[in-house]
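To keep things clear, I will list the structure first and then write my remarks on it.
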Amino acid sequence: ALAPDGKLVVTGYTGTSGTTDYDLVVARFKADGPLDPALGGTGRVQFGPKDRDDVPASVLVQPDRRIVIAQDSGTPQRRMTVMRLTEAGDLDKTFAGDGTATPEFLGETFATGAALQPDGKIVVAGTLQSESDFVAARLGADGEPDRSFGADGKTQVAFDDIALAYAAGMDPGGRLVIAGLTVVENRTAIRTAVARVLA
């Protein structure tokens, strides 16, 4: 993600292959290429308790340079999660109380994309595994659910077949676009699937 000052923020994960303990990593590079030591003192930070996979799906940088990361919770009951860091790379405790927000759906959810609205609200999208549907949730700038979005801050998009979301973004009109694919049970047909959600 490109920050307002031209710096580049990259997210990924690190760990030993074959384990269930991947940690989330965030790095920030100056506009001319070297790591920016203003992030964590070294240009990179790492998060994640032991025995849990913390794998990011999307990274965004707010106009105030705070970093927003959409990821899976890494817990046995998978939940799409939104984490926000300060410009210095610390968990932003003004966001959902501890720096991490978890929209509650009935069943496991997997984050696949996120987008920032001009008003500071954050939209995260993914897949609801139990229903095989696209889902999205909108959070206020404070990390709390935006109850004016869908039903109690969440919305679900069903297709006739199994649907898996892979990416999300905001169109110029402020509508969320979710892209992925649909698959019939016996995998005889795989199709591109796109949904656009009104603000």
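Nothing here was measured: the structure is a model prediction, and the numbers come from that model. Each residue takes its place number in the sequence, starting with 1.
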If you measure from [atom1] on [X] to [atom2] on [Y], what distance do you get to the nearest 0.5 Å?
| X | Y | atom1 | atom2 | value |
| --- | --- | --- | --- | --- |
| E131 | F105 | CD | CZ | 11.5 Å |
| K93 | T100 | NZ | OG1 | 9.5 Å |
| L139 | K121 | CG | NZ | 10.5 Å |
| Q117 | R138 | CD | CZ | 4.5 Å |
| T109 | D133 | OG1 | CG | 12.5 Å |
| D92 | I67 | CG | CD1 | 10.5 Å |

Taking every non-hydrogen atom, the tightest pair across [X] and [Y]:
| X | Y | answer |
| --- | --- | --- |
| G113 | A70 | O-CB, 4.4 Å |
| A1 | V61 | CB-CG2, 3.9 Å |
| A193 | T182 | CB-CG2, 3.7 Å |
| S130 | G107 | OG-CA, 4.2 Å |
| A101 | G143 | CB-O, 3.5 Å |
| A199 | G174 | CB-O, 3.6 Å |

Side chain of [X], backbone of [Y]: donor and acceptor closer than 3.5 Å?
| X | Y | value |
| --- | --- | --- |
| T112 | T127 | no |
| T81 | T102 | no |
| E108 | R78 | yes |

So [Y] and [X], do their side chains get closer than 4.5 Å, heavy atoms only?
| X | Y | value |
| --- | --- | --- |
| D72 | R79 | no |
| V194 | V177 | yes |
| V55 | Q71 | no |
| Q62 | I122 | yes |
| D161 | V184 | yes |

same_hphob_cluster([X], [Y]) at 4.5 Å side-chain heavy-atom cutoff:
| X | Y | value |
| --- | --- | --- |
| L176 | M80 | no |
| L24 | L91 | yes |
| V82 | F47 | no |
| V124 | M83 | no |
| I69 | V9 | yes |

Can you name the residues that form a side chain to side chain donor-acceptor pair (under 3.5 Å) with [X], not counting sequence neighbours?
| X | answer |
| --- | --- |
| R196 | none |
| T14 | none |
| R191 | none |

Inset, instruction - Starting from the C-alpha separation in whole Å, work towards a yes-or-no answer on side-chain contact (heavy atoms from CB on, under 4.5 Å) for T94 and D142. - result: CA-CA 6 Å; T94 68; D142 59 358; over 6 Å; no

Legend entry - side-chain contact (heavy atoms from CB on, under 4.5 Å) between V197 and F149, intermediate numbers included: CA-CA 10 Å; V197 179; F149 180 77; 4.1 Å; yes

Inset, instruction - Taking salt bridge (Lys or Arg N to Asp or Glu O under 4.0 Å) as the test, write out the residues that go with D64, two or more places apart. - result: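 Here the qualifying residues are R66.
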
Legend entry - Ion pair D5/R65, N-O distance below 4.0 Å: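 Answer for the salt bridge query: yes.
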
Legend entry - side chain to side chain contact (heavy atoms under 4.5 Å, CB included) partners of A88, counting only residues at least two apart: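 With sequence neighbours excluded, A88 shows a side chain to side chain contact (heavy atoms under 4.5 Å, CB included) to T86, D90, given in chain and number order.
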
Inset, instruction - Taking atom CG of D119 as the centre, report whether more than 12 heavy atoms of other residues, nucleotides or ligands fall under 6.0 Å from it. - result: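 Above 12, so yes.
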
Inset, instruction - Among F159, F110, Y166, find the residue that satisfies the ring pair (Phe, Tyr, Trp, His ring centres under 6.0 Å) test when tested with F134. - result: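 Output: one option passes, namely F159.
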
With a cut-off of 3.5 Å and sequence neighbours excluded, list every side-chain donor-acceptor pair involving residues 31-43.
residue: D36; atom: OD1; partner: A38; partner atom: N; Å: 3.1
residue: D36; atom: OD2; partner: K7; partner atom: NZ; Å: 2.9
residue: D36; atom: OD2; partner: R28; partner atom: NE; Å: 2.8
residue: D36; atom: OD2; partner: R28; partner atom: NH2; Å: 3.1
residue: T42; atom: OG1; partner: R44; partner atom: N; Å: 3.3
residue: T42; atom: OG1; partner: R44; partner atom: O; Å: 3.1

